[in-house]
Structure formats: C-alpha cells, structure tokens
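Here the structure is laid out as structure tokens; the discussion comes afterwards.
The basis for the numbers below is simple: all heavy atoms, side chains too, and nothing from hydrogens, waters or symmetry mates. It should be emphasised that the depicted structure is a prediction, and the values quoted were computed from it without experimental measurement.
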Number of protein chains: 2
Amino acid sequence: MPDPTPIRRGPGRPPKRIDDRLETREALIRCGIEVLTEKGFTATGIDAVLKRIGVPKGSFYHYFESKEAFGLEVVDSYAAYFARKLDRWFLDDSRQPLARLAAFVDDAKAGMARHGFRRGCLIGNLGQEMSALPETYRDRLEAVFLDWQARLAKCLVLARTRGDIAAEADCERLAAYFWIGWEGAVLRARLMRSETALDIFAQGFIGGLPR
Amino acid sequence: MPDPTPIRRGPGRPPKRIDDRLETREALIRCGIEVLTEKGFTATGIDAVLKRIGVPKGSFYHYFESKEAFGLEVVDSYAAYFARKLDRWFLDDSRQPLARLAAFVDDAKAGMARHGFRRGCLIGNLGQEMSALPETYRDRLEAVFLDWQARLAKCLVLARTRGDIAAEADCERLAAYFWIGWEGAVLRARLMRSETALDIFAQGFIGGLPR
DNA sequence: AGTTTACTAAACGATCGGTCTAATATCCGG
DNA sequence: CCGGATATTAGACCGATCGTTTAGTAAACT
C-alpha cells in the first residue's frame with residue numbers, strides 16, 4: 001500500500017511533522033538492512049538505498065555521518081531485530097528446547113524462500129567482507145555472534161537439564177558450533193537457491209548433539 | 001625467493017620462450033587467487049592485481065577478455081589447486097580415514113594463520129558475493145563444492161567400511177554437511193583472526209559423526 | 001524581521017572496468 | 001639480412017559510479 005501521507009521533498013526546511021526526521025532515518029536503516037543483507041556493504045552504493053526510499057542523495061549526509069556510520073547503525077538495528085526473533089523462538093515455552101531450535105530453522109528457511117534466496121545473513125555478509133571494511137566493524141560483528149551464541153546456549157542448557165542432550169555437554173561450545181556452521185549454511189543456501197543446505201546443516205547439527 | 005628468471009617487461013614483442021605467454025598469464029591468475037581469496041571479487045580492482053605483478057593495465061585485456069572471464073579462470077585454477085590439496089590429505093594411506101580429515105583441518109589452520117587470517121576460501125567468498133556477480137559464476141562455484149563433497153565422501157566411506165563410523169551413515173550427506181559448515185568456520189576464523197572457529201567446527205563435526 | 005534549522009541540488013574528485021592508439025621489439029618468410 | 005606480421009607494452013582516455021562536500025533554499029522559531 002502507498003504511504004498515505006507522502007513526505008514532501010524539495011529544497012528548504014520541510015513543514016513540521018514531529019516524527020518526520022526519525023521516520024526518514026529509520027526508513028533508510030530498514031532499507032539498508034534489506035539491501036545489505038542481499039548485496040553486502042561494498043557492493044552496495046548509498047544511491048541504491050536512497051533511491052528506494054525516494055530520498056535524494058544530498059540528504060544522506062544530513063542523516064548519517066558517513067557510509068561507515070550508516071552501516072554500523074544498520075548492523076545494530078539488524079542485531080536487535082534478530083535478537084527479538086531468537087527470543088521469540090528460543091524462549092517459546094510451548095515447545096521443547098530442541099524443537100525451538102528446529103522451529104527457528106524452519107522460520108529461517110521460510111524467510112529465505114520468501115525472498116527467493118537472495119538475502120542472507122547481514123552479519124555473515126559483512127563478516128566475509130571484513131578485509132574490505134573499516135576495522136571498526138570487526139568487534140561489533142563478533143559481539144553480535146556472541147550474543148546469538150549466548151541465547152542459543154541458554155536454550156541448550158534447558159535441553160540438557162531435561163536430559164535431551166548429554167549431561168556433560170558443553171552448551172556454550174555447542175552454541176558456538178551452531179552459529180559457525182549456520183553462516184556457512186546460509187551462504188550455501190543462497191548459492192544454491194534452495195533450502196537444502198539449511199536442512200542438511202540443521203539435521204546434521206541436531207542429529208550430532210551428544211546424547 | 002626472487003624469481004631467478006624475471007620476465008622482461010618493456011614494449012615490443014618479448015623474446016621467444018615457449019611458456020612466456022603462459023608465465024605472465026599464470027602469474028596474473030596466481031596473484032588473482034591470492035587477492036580474491038583475501039578481498040573477494042567486487043572489492044578487488046584489476047589494478048590491484050596488475051600492480052603486484054608489474055603488468056600494465058593495457059596488457060590485461062590482451063590476456064583476458066574481461067574481469068568476469070579472469071575471475072572464472074581464477075576460480076578454475078583455485079579449484080584445481082584445492083583438489084590436489086584434498087587428494088594429498090584424503091588419499092594419504094599412511095593415516096586412518098578420519099585422521100586424514102583432521103590432518104586437512106590442521107593444514108588449513110596453519111595456512112590461515114600463516115596469512116594472518118586475512119585469506120579465506122575463494123569459493124566461499126565468491127559464493128557470498130553471488131548477488132553482485134555475473135550469474136555465470138553460480139553453477140561453477142556450486143560444481144566446485146560438489147567436487148569437494150565427492151572427494152570427502154570417498155574418505156568417509158573408507159571410514160565406514162573400517163567401522164569408524166556407523167554402517168548406516170550417509171557419507172554423501174555427511175560430506176555435504178562438512179563443507180556447508182566449513183565455509184562458515186572459515187568466515188568466522190577470518191573475522192576473529194583465530195583458529196578457534198576452525199577447531200570448534202572440526203571437533204564438533206568429527207565428534208558428532210554417527211558411531 | 002531575522003536567525004536558526006532541516007533539507008536538498010549540484011558538483012567534486014577518486015576510482016572503476018574497459019578501450020584505444022602508438023610505439024617497439026621480436027619472429028619468420030624470403 | 002631484409003621486411004612485413006605479430007606479440008606485447010605503455011598509458012592516455014572514456015563514461016559510469018562511488019562516497020563526500022558545499023552552497024543554498026524554505027520553513028520554523030524567536
């Protein structure tokens with residue numbers, strides 16, 4: 001549906017609309033998530049983002065200090081979005097712990113299919129691009145991975161106390177293992193344009209858990 | 001060590017040396033492997049490759065039709081190089097099958113460390129970049145993965161006949177699982193600049209094999 | 001009314017992949 | 001040993017695109 005109150009664009013200060021500034025900023029970030037998730041940071045020009053929102057190029061540096069700063073905000077926003085998603089699945093008391101993981105995987109499969117397997121994982125994309133990225137990104141990206149790891153580890157601990165996995169299992173390490181491999185699965189799923197890689201990895205991981 | 005017979009560079013037809021044309025061409029490809037393995041395709045300019053070999057820009061298009069064609073040759077060359085490496089490890093009769101896989105992993109760890117964790121896997125790099133790459137690349141990259149998968153599967157079959165893994169194990173699928181996750185491990189190792197991710201994945205994989 | 005604020009249009013310099021031309025040194029047929 | 005044909009270099013050059021800067025305009029605020 002088209003925006004019911006289209007934002008006037010032209011030179012000069014725009015008419016007052018309280019949340020206008022935030023709206024534009026956040027629209028840019030939201031669009032940045034989509035585009036960077038698909039094409040990565042280096043291969044994406046800011047024009048591509050701006051065009052899609054209808055913001056003129058000259059305005060970009062009014063909202064963001066640089067492309068680098070923009071990217072960092074996109075990462076933060078994506079991390080927050082993904083953390084919410086993980087909580088939705090990993091804290092879902094209506095499912096057994098390991099079934100929650102499977103449910104997350106199914107959701108991810110559906111998500112990738114919905115976008116024609118063009119979009120991957122933003123953090124993985126940028127991680128792969130690190131050598132062409134400002135060094136600022138490195139710690140931020142790694143921190144996101146560690147956050148995901150912690151959330152999954154909690155879920156695995158639950159499975160362990162239930163006896164679904166071995167009592168001596170190192171849940172933190174298992175969680176690390178999952179995200180390491182998961183990024184590879186997403187990469188491959190995009191290359192093959194099929195859910196197969198996600199399936200193979202997920203089943204391999206769950207099937208290989210210590211019992 | 002410096003090249004004992006440096007290639008003369010200057011205008012005019014070079015002296016006849018049967019393999020001279022190949023030398024320059026192959027030097028470009030070899031350098032392409034290094035650079036693309038480190039920075040990927042999109043983020044790498046042709047000049048970066050040319051500068052390192054001392055070949056002027058005008059010469060590039062004498063040897064290659066385009067950057068795209070060049071990249072494909074680099075992929076082929078890398079695939080051949082990596083296939084030899086896999087054979088060296090996976091067909092090493094002095095080791096038990098699963099120990100061969102572990103040896104490959106150790107070798108990869110040492111290799112990544114030697115280059116300061118700046119270089120990753122060329123195929124994985126380009127795979128992640130697919131959405132910004134000519135569509136020509138897709139099948140080629142996937143074919144390389146399938147080749148690696150077949151080589152590892154053979155090794156796993158050996159392990160199965162020895163009874164090291166369960167008789168009902170699907171070696172082809174396990175091999176697919178390995179390479180899917182391995183790419184994620186390489187990605188993460190580069191991000192963290194540490195072998196940890198490779199270790200966690202390799203141990204997780206081998207430890208999770210059906211017994 | 002005058003200043004401040006919010007935003008944009010246009011241009012800038014760098015770099016990209018790719019082309020083109022001129023120059024040059026060797027090869028090869030006589 | 002001469003004289004094309006050929007292989008290669010040298011690097012200026014092109015149009016496109018990149019991230020970024022600047023100068024200016026119009027509404028808001030005082």
Considering the terminal five base pairs at each end of the helix from C:dA1-D:dT30 to C:dG30-D:dC1, what angle separates the two local helix axes, rounded to 10°?
-> 10°
Mind telling me whether B:F70 and B:F64 have parallel, tilted or perpendicular rings, with 30° and 60° as the class edges?
-> perpendicular
Over 60° means perpendicular and under 30° means parallel, so classify the ring planes of B:F178 and B:F201, tilted if in between.
-> tilted
Whole-Å distance, A:H62 NE2 to D:dG24 C1', equals 15 Å
For atom OH of A:Y63 and atom P of C:dT5, their distance in whole Å = 16 Å
In whole Å, what is the span from the CZ atom of A:R25 to the C1' atom of C:dA6?
-> 14 Å
So, B:W182 versus B:F104, ring centres under 6.0 angstrom or not?
-> yes
Counting N and O atoms only, with roles assigned by atom type, does the side chain of A:S66 sit under 3.5 Å from a partner on the main chain of A:A69, one being a donor and the other an acceptor?
-> yes
Do B:K67's NZ or CZ and the ring of B:Y61 fall within the cation-pi criteria of under 6.0 Å and 45°?
-> no
Quick one: B:I53 CD1 to D:dT8 P, roughly how many Å, whole number?
-> 16 Å
Member of B:T42, B:V49, B:V74 meeting the side-chain contact (heavy atoms from CB on, under 4.5 Å) criterion with B:L36 = B:V74
Could you encode protein contacts along nucleotides 14-21 of chain D as a string, one character per nucleotide from 5' to 3', using B for base contact, S for sugar-phosphate-only contact and - for no contact, with a heavy-atom cut-off of under 4.0 Å?
-> ----SBBB
Answer yes or no: does a side-chain N or O of B:S59 lie under 4.0 Å from OP1 or OP2 of D:dT8?
-> no
Just how far, in rounded Å, is P of C:dC7 from CZ of A:F64?
-> 12 Å
Mind checking whether B:W179 and B:F82 have parallel, tilted or perpendicular rings, split at 30° and 60°?
-> perpendicular
Return the value, rounded to whole Å, for the distance between atom CG of B:L28 and atom P of D:dT8.
-> 12 Å
Go through the steps to decide whether B:E34 and B:R119 satisfy the test salt bridge (Lys or Arg N to Asp or Glu O under 4.0 Å), and finish with yes or no.
-> CA-CA 8 Å; B:E34 294 171 18; B:R119 300 189 188 171; 3.8 Å; yes
